[in-house]
Every structure is written in structure tokens, then in C-alpha cells.
Amino acid sequence: MTNIPALSVILVTPSSYATLTHTMRFLRAQTLAEQIEVVIVASSQVALALPPGEQGALGGIRVVEAGTPLRLGAAKAAGVAAARAAVVVFAEDHCSPRRNGAALIAAHAEPWAAVGPAIGNANPVSAISWANLLLAYGHWLAPATAGEIADVPGHNSSYKRTLLLAYGEQLSELLEREGTLHADLRVRGHRLYLAAEARADHVNPTLPSAWVPLRFNAGRLYAAVRARGWSPLRRAL
């Protein structure tokens, strides 16, 4: 852990390390795996139950205890504060990052504030799976064209860490829904980039009983973030 990593991957889990083994398997397969550190944000070390042999995986694993209840935005912000690399990426336990590390690091050699990957379907077994992917990630569906873009995926995208730290206490709120962060970065004059050679395959719900609550609550979260600062009359309307 003495060398500074090239990329810090931040993973948040409200439960144990077992939920992260899928993503960790793909991180180990990265071409620059030894230059990637993993920052795991969990409620506690005890709840995480990190196997002793895993501590030295990749370029090292750091654990951040965030307590309970675990709020996603605050947990991500804690991961950014603990990260050591100049570039951080927020990964998910239900996503398969493919060739992402080298492509994201290379893109951040340019002055992009945020760099996102193309998104593929990890379980293309049903119409519901495709509907969810298109609703959530349709703008970045693989295969995609690399270049400057108005927005990047709300998860699995990477950022220059110094830009995130500059937000201070506001970062937790912005990371509740990353699209809000992206909009603010653009307002500040920063530019975003899609690294199409990087790819993350997303696992989607396939049953209505899982998909309907997901889309409903995603809509509630989006609406709540968008309505911050509105007057009571506008909110009511």
C-alpha cells in the first residue's frame, strides 16, 4: 500500500463482502489490476467480514466504516475522502467492469472532469431486462461512439478526485444522484467524456415484482433531488 494507485474503485455495501465478489472478480481481470485500489464503504468492519486473504487483492483494499443507516451519497463521499488515486470510479455490486481501468486512466490524462464507460446488458434474457437498461442507460448503450458528451452514466463513471473534494460537505448531497453532480460540473465549465472502449455490463431485474418498485423509487429519488429549492407552491403543482 506504499505506492500511489492509478485508480481507486469505490464500492458501497450495506451488508457483507460476499455481495461484492462478482465485481471483485472482474476487477482482478483488469490489465492494470495491480494499479487499482478498492475502497469498500460498509457499515462496519464486523458487518463486512472481509476474508483475511483478500486484504492484498489488486493494489490493495481499504475499508471505510460509515455506520448505520448507510446513506449512499454520504458513503460515496467517505470513499472519495479515503481514496488515494487521482481518479476515482464508483462501481456497483451488480455490474461487470470490462477493460475499464486502463481506458479510464488514459482518458483522464486529458482535462475531462468525468469519464464514463459504454453500458452493456449482463442478463439480456427478457424484455423487462432490456426495458430497464434502456430507461437507465439508453444514452450510453454499447457499442457507443467515444467523444465529448453532455452526460455520463450515473454509476460506473470516473472523476478527477480533486474536483470532487472541492465540493466539501456538498458532495454527499450531489452523490445521492450523480446526474445532479454532472449538471453542476457542466455549469462550472467542466467537460465530460464517454470512453467507449471502456465497458460495464449491468445486471437488470427480470421480474415485474422487482422492476416496478425499482423504477417507482428511482422516480421518487429523481423528483426529490430535482425539487430541492422549489417553493411550496411549485412543489404542490
Side-chain angles (χ1 to χ4, degrees), residues 1-13 15-42 48-64 75-76 79-80 82-109 112 114-125 129 132-133 136-137 140-146 152-161 178 193-206:
M1 296 293 286
T2 57
N3 297 326
I4 301 298
L7 181 69
S8 293
V9 177
I10 298 172
L11 283 165
V12 178
T13 177
S15 52
S16 71
Y17 181 76
T19 63
L20 306 177
T21 54
H22 171 85
T23 303
M24 288 295 296
R25 177 164 56 88
F26 281 88
L27 290 176
R28 286 190 177 91
Q30 301 284 319
T31 54
L32 299 178
E34 72 283 354
Q35 298 182 41
I36 299 174
E37 79 164 356
V38 178
V39 180
I40 300 176
V41 185
L48 181 64
L50 181 68
E54 290 291 279
Q55 195 71 45
L58 299 134
I61 293 179
R62 301 168 69 90
V63 178
V64 178
K76 287 182 174 180
V80 172
R84 297 184 302 144
V87 177
V88 299
V89 58
F90 299 112
E92 296 181 289
D93 60 6
H94 54 279
C95 230
S96 308
R98 301 180 183 275
R99 306 183 303 277
N100 285 21
L104 297 178
I105 293 168
H108 272 287
W112 309 114
V115 177
I119 304 294
N121 196 339
N123 60 331
V125 296
S129 175
N132 187 78
L133 186 75
Y137 294 105
W140 313 282
L141 193 65
T145 302
V152 291
H155 303 287
N156 302 289
S157 290
S158 60
Y159 307 85
K160 286 181 170 58
R161 181 170 173 263
E178 286 177 54
Y193 182 79
L194 183 69
E197 64 273 28
R199 173 168 169 163
D201 290 340
H202 189 269
V203 175
N204 301 282
T206 58

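Remember, it's a predicted structure, so these values are computed and weren't measured experimentally.
Residues passing the side chain to side chain donor-acceptor pair (under 3.5 Å) test with Ser157: none are found, sequence neighbours excluded. Among residues two or more places apart in sequence or in another chain, the side-chain contact (heavy atoms from CB on, under 4.5 Å) test is passed with Ala42 by Thr13, Leu48. Checked against salt bridge (charged side-chain N to carboxylate O under 4.0 Å, His left out), Glu34 has no partners two or more places apart in sequence or in another chain. Annotation: ring-ring contact (aromatic ring centres under 6.0 Å, His included) contacts of His202 (sequence neighbours excluded): His94, Tyr137. Residues meeting the salt bridge (charged side-chain N to carboxylate O under 4.0 Å, His left out) test with Glu92, sequence neighbours left out: none. Among residues two or more places apart in sequence or in another chain, the salt bridge (charged side-chain N to carboxylate O under 4.0 Å, His left out) test is passed with Arg98 by Asp201.
Counting heavy atoms from C-beta on, the side chains of Val87 and Ile105 never come closer than 4.5 Å. Counting heavy atoms from C-beta outward, Ser8 and Glu37 have side chains that approach closer than 4.5 Å. Considering only heavy atoms from C-beta on, Ser158 comes within 4.5 Å of His108 through its side chain. At a threshold of 4.5 Å between non-hydrogen side-chain atoms, the residues Glu178 and Val152 do not count as touching.
Closest of all the heavy-atom pairs between Leu194 and Ala118 is CD1-N, 4.1 Å. Between Ala85 and Pro5 the shortest heavy-atom distance is CB-O, 3.4 Å. Scanning both residues, Ala107 and Val115, for their nearest heavy atoms gives CB-CG1, 3.7 Å. For the residue pair Gly79 and Ile10, the shortest heavy atom distance occurs at C-CD1, 3.5 Å. Between Leu27 and Ala33, the shortest heavy-atom distance links the atoms O-CB, 3.8 Å. Contact record, Tyr17 with Pro51: CD2-CD, 3.5 Å, taken as the closest heavy-atom pair.
Without hydrogens or angle criteria, Ser129 side chain to Asn123 main chain gives a donor-acceptor distance under 3.5 Å. Put simply, the side chain of Lys160 never gets that close to the backbone of Ala86: no donor and acceptor are under 3.5 Å apart. For the pair Arg199 (side chain) and Ala142 (backbone), a donor-acceptor distance under 3.5 Å is absent. Listed for the Arg161 side chain is a donor-acceptor partner under 3.5 Å among the backbone atoms of Val80.
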- Quick one: do Val12 and Lys76 satisfy side chain to side chain contact (heavy atoms under 4.5 Å, CB included)? Show the steps, please. CA-CA 7 Å; Val12 178; Lys76 287 182 174 180; 4.2 Å; yes

- Message: Using side chain to side chain contact (heavy atoms under 4.5 Å, CB included), reason through Asn3 and Gln35 one step at a time and then give a plain yes or no.
- Response: CA-CA 9 Å; Asn3 297 326; Gln35 298 182 41; over 6 Å; no

- Output, in order, the C-alpha distance, side-chain angles, deciding distance and verdict of side chain to side chain contact (heavy atoms under 4.5 Å, CB included) for Leu58 and Arg28. CA-CA 6 Å; Leu58 299 134; Arg28 286 190 177 91; 4.3 Å; yes

- Take Gln30 and Leu7 through the test side chain to side chain contact (heavy atoms under 4.5 Å, CB included) and record every step on the way to the result. CA-CA 12 Å; Gln30 301 284 319; Leu7 181 69; over 6 Å; no

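Atoms CG and CG, on Leu141 and Leu133 in that order, are 5.5 Å from each other to the nearest 0.5 Å.
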